[in-house]
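Reminder, nothing fancy here: chain letters follow the sequence lines and each chain counts from 1.
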Protein chains: 2
Amino acid sequence: MNSLTEENYLKAIYHLSKEGNALVTTNNIADSVSTKASSVTDMLKKLADKNLIHYVKYQGVSLTGEGLQAALGIIRKHRLWEVFLVEKLNFKWDEVHDIAEELEHIRSEELVDRLQEFLGNPKSDPHGDLIPDKHGKFHKKELIRLSKMKVGDSGSISGVNEHSAGFLRYLEKTGLVLGKKVVIYEIIEFDSSVTLLVDNQEITVSRDVAKNILVYEQ
Amino acid sequence: MNSLTEENYLKAIYHLSKEGNALVTTNNIADSVSTKASSVTDMLKKLADKNLIHYVKYQGVSLTGEGLQAALGIIRKHRLWEVFLVEKLNFKWDEVHDIAEELEHIRSEELVDRLQEFLGNPKSDPHGDLIPDKHGKFHKKELIRLSKMKVGDSGSISGVNEHSAGFLRYLEKTGLVLGKKVVIYEIIEFDSSVTLLVDNQEITVSRDVAKNILVYEQ
DNA sequence: AATAATTTTTAGATAAATCTAAATTTATAC
DNA sequence: GTATAAATTTAGATTTATCTAAAAATTATT
Ligand SMILES: [Mn+2]
Ligand SMILES: [Mn+2]
Ligand SMILES: [Mn+2]
Ligand SMILES: [Mn+2]
């Protein structure tokens, strides 16, 4: 059983290793949990003793399998509670984070499972972040090729099928980057090229390009 | 801002002063919060310094107005969360107490107010205990004279209109004490006397007696 | 490669809440 | 009313998480 403080450290290490590199540094963690580097060092020893992190003095830390599962458990609770606050208690999406920071530490497994069910097994929280399931697995987004979508469909660009530098440079130049919201505006019969609405601008791409862009619908 | 531990002490003092006498003793509290008398003494000094309790060495403690409001705030949260767990998450009434012990310490005022609204402003928790409102007031039970009830109605004896020793002795003797569950079995036309079912026994009382017994219906 | 700057760790203290054991106060028994 | 028992408080330690200041290790600069 990890203390509330240990849980917050694990969560911080998880988030930091998502953005930056695999190894997280002492000062990064100190900033993240609003404490001093010396306090972090103390806690890192403790977490390493409990086999929750790999810790090499002066080098940095990463989560062990066990530590990762613990972190994902807290993140799951955080995001489910955020859904509850927005969907059931009518909070705005920007008002819920701090309350969820407290609720995420409530221990009962049964409570989380039932909450998830009560909320209709949501896959993402009010900020669009994915909610891991009971076993720490993220529900893989169902990605669809842009070329398979119909006029009026919409979604956000979430992947590509073609990784050549040329193709990626092309996407970059036309603004079709990851996360960008798109609406299918028109499909030209003659060559099956697709006109999209992106940031209120019309952009037309060939069928070859459309086949290699993966979209998360709605 | 009171710590989680301080909140638990305040709640314990509140509950103990409800059952026993006004002054609560060190050992009572120690039992109640599962700690040692010496720890309790330390905490009592601290709570007295914060003006949450009246504390006289060796004599016992009682809550100040401020301490009472703090205790009622926690009890309100505890009972609202219990309603949530039973009504919304389908827990059984005997499974919710321990989870509510954690949830009662979540701080946001806004959260509690919205939770109360979401639950339809319940007046009592799954165990029948009254839920104080935002200002620490209990919704007064609607008591009805036994003489005004109809055949088939039921409820629990919750007060009397006549406080003479003779009347109270009579009630004591017939077993019509506070909290007793009663069902109206028959109302005799001739003199309006009432036959009740109490503990599966028939008891008949005169109209004069029935007029002075107050029942909380259902 | 030597020096300086930065990062990290160690050493020693502090605050909250707890404990055990001893001292004090209050209650009960004779 | 004194002796004994019970309840309560004090004294001194312990654990968790934190801090500041100093030492050690790593990284960057000349
Ligand atoms: Mn959040
Ligand atoms: Mn947190
Ligand atoms: Mn309860
Ligand atoms: Mn509690």
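- Applying the 4.0 Å criterion to OP1 and OP2 of C/dC19, one finds that B/Ser39 has a side-chain N or O inside that range.
- Distance CD (A/Glu6) to P (D/dT16): 9 Å, rounded to an integer number of Å.
- The side chain of A/Tyr58 lies closest to D/dT26 when the candidates are D/dT26, C/dC19, C/dA11.
- Atom pair A/Leu47:CG and C/dT9:P shows a separation of 13 Å (rounding to whole Å applied).
- Per the geometry, CG belonging to B/Asn28 stands 12 Å off P belonging to D/dT9, to the nearest Å.
- Taking atom CE on B/Met43 and atom C1' on D/dT9, their separation rounds to 16 Å, with Å as the unit.
- Counting only distance, with no hydrogens or angles, the side chain of B/Glu87 and the backbone of B/Leu119 share no donor-acceptor pair below 3.5 Å.
- Applying the 3.5 Å distance criterion, the base of C/dT7 shares no donor-acceptor pair with the side chain of A/Thr25.
- The side chain of A/Ser38 lies closest to D/dA21, out of D/dT18, D/dT9, D/dA21.
- In the set D/dT9, C/dT9, D/dA7, the nucleotide with an atom closest to the side chain of B/Lys57 is D/dT9.
- Regarding contacts with the backbone of C/dT20, a side-chain N or O of B/Lys36 is found under 4.0 angstrom from either OP1 or OP2.
- Rounded to whole Å, the distance from CD on B/Gln59 to P on C/dT24 is 19 Å.
- Taking atom CG of A/Asp42 as the reference point, atom P of D/dA21 lies 17 Å away to the nearest angstrom.
- Within the 4.5 Å cutoff, the side chain of A/Lys45 has heavy atoms near those of the A/Thr41 side chain.
- Panel note: side chain B/Lys88, backbone A/Phe118; no donor-acceptor pair is recorded below 3.5 Å.
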